[in-house]
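For reference, the structure discussed in these notes is given below.
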Amino acid sequence: MASWPAHPALLGTPTRRVDGPVKASGRAKYTYDLQRPGMLYGRILRSPHACARVLSIDLSAAERAPGVKFAMPVIDLANPEPLTHKVMYQGQEVAALAAETEEQGADAARLIKVEYEVLPHVATVEQAMRPEAPKVFPDGNVREANVDETGDVEAALKASAHVVEGLYWTQVVTHSCLETHGLVCEWSGDQLTAWSSTQAVHGMREGLARGLGIPQTSIRVISQYMGGGFGSKLGTDPQDVICAQLAKGAGRAVKLMLDRKEEQLSTGNRPSAYARVRAGVDADGKLTAFDAETWGTGGAGRGAGYPLPYNIYQIPVRRRRHKDVYINAGTQRAMRAPGHPQGAFITEVVLDELADQAGLDPLELRLRNLPAEAPDEMWRRYFPMGAEKIGWSRRHATGDPTPGPIKRGLGCAANRWAGAGSRRTQGQCEIFPDGGVTMRIGTQDIGTGTRTLVKMVTAETFGLPLDQVVVEIGDTQYPFAPGSGGSITVGSVTPTTRVTCEKALAALAEKIAPELGVDPAAIVASNGRVHAVNDPSRGMPWKDACKRLGTAPISVDGQWETGLSSVGTSGVQFADVEVDVETGITRVRKIVCVQDCGLIIDRLTAESQCYGGITMGIGYALFEDRILDRNTGQMVNPNMEFYLLPGPSDIPAIDVTLMDQPERGVVGLGEPPTISTAAAIANAVSNAIGARIRHLPITPANVLAALAEARARERRGASGSPQATEPGGVQGAPPINIGGAR
Amino acid sequence: MKSFAYVDAANEQEAIAALGTQRGRILPIAGGMDLVGLMKDYVAQPDRVVNVKRLDRTIAATPDGGLRIGAAATLIELVEHAGAARAYPALVQAAAEVGTPQIRHAGTVGGNVAQRPRCWYFRNEEFQCLKKGGPRCFAVDGENQLHAIFGDGPCHIVHASSLAVPILAYGGTFRVAGPSGERDVAAADFFQMPDENLMGENVLRPNELVTHVTLPPPGRVRSATCEIRFKQSHDWPLALATAILTMSGETVRGARIVMGAVAPVPWRAQAAEAALTGQAVTEATAGAAADAAVRDAKPMSGNAYKVQIARTAVKRAILKAAGLPTV
Amino acid sequence: MAPKDGFSVSRRDFFKTAGVGSLATGLLGPVELGAQAGVREVGPGAVPIQLTINGRRHDLTVEPRVTLLDAVRNRLDLTGVKRVCDRGACGACTMLLDGRTVYACSILAIEAQGRDIRTVESLAAAPALHPVEQAFCEHDGLMCGFCTPGLVMATTALLEKTPNPTADEARRALDGNICRCGTYVKVLEAALATKGGRRG
């Protein structure tokens, strides 16, 4: 239980982010913007092939090209292990160089001669799962997980009043950070400074040290402003090590920012998820069983696991058989709530199908299957709130009966996330005799507002206005903080800041306690004064207190402690959509979001996380799709023109209700709001058109195929449980591909 | 982008003089909205680029009551031209939907008409497709969801120009200037199918430029363009259609219907025109005309859905032209 | 003003490579020669150009292929607007050219000569903020901030032309800009709430 702050001056208020002015005015210097004296530009040559063996790399022409200062192979053909000579996907690094200008670097990279033996590849999960498929790895393309089974699935399904069965799937999407991955490296002797667009300055230092074989003490990593990560910038990548090597080789600073195509190909993605599901309810609308055979691909070498059934609804009997499928494509990375959007989509769509089968309102079905209310499991409260806000009472049964091509529908879905802090987080606080305060913590602000939150907690603790404290983050010279992933940042840095500042305040209290005649433990700071907790008149102004320090500042280190933060969020979302059944185009009219995150530090940035997560969820639901050419394995939309991201006119009204739970303490919020958006939209579309949407993205092709299938079923007079829709089995739908059709 | 030399042509003569006869070696640049991307992707690798922005950009009525548009006019200048909007609404409606504000502010009428296809196999350097002198069209058994639903190949691009659709529908003419003088080419003859011209999309020779678009007097017609795109903020159309109706009372006496984004050229739908002629415009007759428009569609493996969308574009363009609600 | 990067080809080098004759023979071959008489060509090496940016004249030396965005960011260190898609699809590079928004990534620097170029740096001198920037901060119309200067420029251009836009006008004016963090709702709020966004 968080008892602090009892009477907050700042916490919970809508506070403008402190770096807003430098960002909005373009004065903030991101990694991409940095210029160092004598700086060169790095450029990587990448494999155009989905799978190939590199036979030779000839750098000579590139080395002689104008402006080139250093060139190096990335694939080491001297390595006796032949597997290391293989490129496993389009976009894998082959060679690199540094040149005086970007243009010279690009020219020279094209002069690098690489001989490839092009090898057979697999571009889709369907191809990869064929018995005769070329093997991505010697062990094959499929890694089967253990069967996870609770209860007797067959018996439970048999006993169910209603059963649905279907094939559901989601596409691969990319993080599409606006600032591409990249860094600036500069050596001074054996000391490396790397300015990096990263979600983890300390993690990057560790990774660079490992990659370069040098001690961490020789490396400083700085990330003051960074243009988005969403999970893709947590690790250390080949280009990071390459940039440092180029800088070393050239003896000059090197900037290496990936271009958009490289970003799309090689910096991660959210894996696809396929599921053949059978699920049942009993006559009371209680879920009975959930049986899922699942697979998906995280590209060339990483898994595609995701939670299924999504762990919110109570299902007594369940079975899960999962396979990771490897294909020759860039590998997946954590992406905003890894696994959850996929699991939520499939589960929530199955729930709506079951509700239809059982003749139950989908909301009612959910309410009947939720767990008992708990502090971090409050869906029972939130569903009715959201329903009220979206106007659920006017929801029609599946299939809008309104004449004309525009059909409207409503849908809903829930989310959950952990979002606890990391106990490894450390901080340092200094109080200066002139009244100045500096709080240092080696975290980074990835756009979530971390800098603002640290500053708010610091100022709150010392009872000072925001602009009287200095916060320093984004640098390995500051105490360790974990990478900003998993929504752990706020729960890591705010308790650490609080603990550290409290210690500093205690040290100040020690100094002035005798003068005040108060027990130091009873001294607090508020409203610009340091005073006895029960008697504000027994105190002095902050600046006067600090003067008592003489010449030596207070400097204390702190470490995360329990108290200010908690774990577990819950939320629900509702979607109101309209679908043009003559074009298959879906327009989202409104999203309602009810979300908790424990104690709200900054209401403004917390709400922004909801708007942002929902906006990304709309992209996932409707537009985004990494499309690989099924025949060559090369990406056809490695850009922002045909990799569709939502823009202003694609954004609906968004109604965010944040549930403040100060008694619980801080819980991370970065991820949960994006989890349920696509599921709610898919259910709303099905409700509008009277045909089931079972896969993402909800493109015109997807919608028109669903309508055509529903019409065909009507003509066949089919009744009872819907047939599993085989991808590619529907007239008008494209054959299955890793990135389906738009 | 490969490096290139640059000529800033002060006028048409200088521009023509600076162009050459070898395809792709010297390219004109106007707004740059198409060419700069092509060069960055190494699809275009000219040795010289010739600025043609200083060519005529005036938009003005012709003596006979038509409209003459200098090819260097930007799309926004066309959109904001009150006279054009009044007399040729289908053209201005199409222009207003092109790209984004930034694209309309820089992109020109000539550039829009002469832009290269957006086919992702054409635009990505890795694919040595037919249009780049390679052996095959990758769309045939590949990712063809945005490709043509009309035409027999061998290349299955859709024409990228939205303006081309109303220009063809209005019976427009392109003034083409080259070293041996100028010629007028009817829009119906300007765009070329891949079996006629695989490496280009129109009759322009490498040393020629479109300098003007001329539209005949509109006469007493009702016209409209309906564009259907997936992403509303910024996307290429999945289909668009222009309908120009000559009315006699409530009855259509003549119709010109052209579809865009469905074929390698703007695609005239004469069957739809015939179906509509003699009819009053209703949801039913517009729908029947739209059915006729797509009856001969030959979708590929993954783009049958576009047939439905093209049909809807035609139907709604007709309804919109007639002043009826479209949905 | 001398180029800052120090790598640009000197003026003397430029004259070595930029002559009409050297181009005609070097690149085009004899077939083209007949058509080349009187053609005034520069490049492909670096050439001197003059840009008027934020009311100030800048002399720099760039190859004709260098985009306005790269010239301004890499050569003049005006890094406010960003390079994101680099293909005219995201708006992070939005500048104003004669008062209209353009994608600076898709315009050659050499082609922007003689135009009134405005970057986000023109809006206010530090530490002051332009009313649009102020509104973005007040409404939290930014998160990572990488798209923000481009959106600020698009909003500024909108308000200079249409001081009291409708929500729909604002959306349409900003449709050429992509934000991945998802700030649109707040950006539109800011655009509609900006007071005194109009310059002058």
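So that the names make sense, note that chain A is the first sequence line, chain B the second, and so on, each numbered from 1.
A donor-acceptor pair is defined here as one N or O able to donate and one able to accept, closer than 3.5 Å; no such pair exists between the side chain of R180(C) and the backbone of L645(A). Side-chain N or O atoms of Y30(A) include none that pairs as donor or acceptor with a backbone N or O of K82(C) at under 3.5 Å. In this structure, Q35(A) contributes its side chain and N74(C) its backbone to a donor-acceptor pair below 3.5 Å. Distance alone, capped at 3.5 Å, is enough to place a donor-acceptor pair between the R260(A) side chain and the V84(C) backbone.
Interface residue F230(A): only side-chain heavy atoms are found under 4.5 Å from chain C. Heavy atoms of E102(A) lying under 4.5 Å from chain C belong exclusively to its side chain. Looking at A28(A), the atoms closer than 4.5 Å to chain C (heavy atoms on both sides) all sit in the backbone: N, CA, C or O. Using a 4.5 Å cut-off between heavy atoms, T605(A) contacts chain C through both its backbone and its side chain.
One finds no salt bridge joining R83(C) and E263(A) here, because no Lys/Arg side-chain nitrogen approaches an Asp/Glu carboxylate oxygen to under 4.0 Å. Classification of K29(A) and D77(C) as a salt-bridged pair holds, one side-chain N sitting under 4.0 Å from a carboxylate O.
Options M616(A), R336(A), M257(A) differ in how many heavy-atom pairs under 4.5 Å they form with chain C, and the most are formed by M616(A). Contact count against chain C (heavy-atom pairs under 4.5 Å) is highest for S608(A) among S608(A), C177(A), G228(A), P37(A).
With a 4.5 Å cut-off on side-chain heavy atoms, E607(A) and D140(C) do not count as touching.
Partner of S25(A) under the side chain to side chain contact (heavy atoms under 4.5 Å, CB included) criterion, chosen from E133(C), E121(C), H130(C): E133(C).
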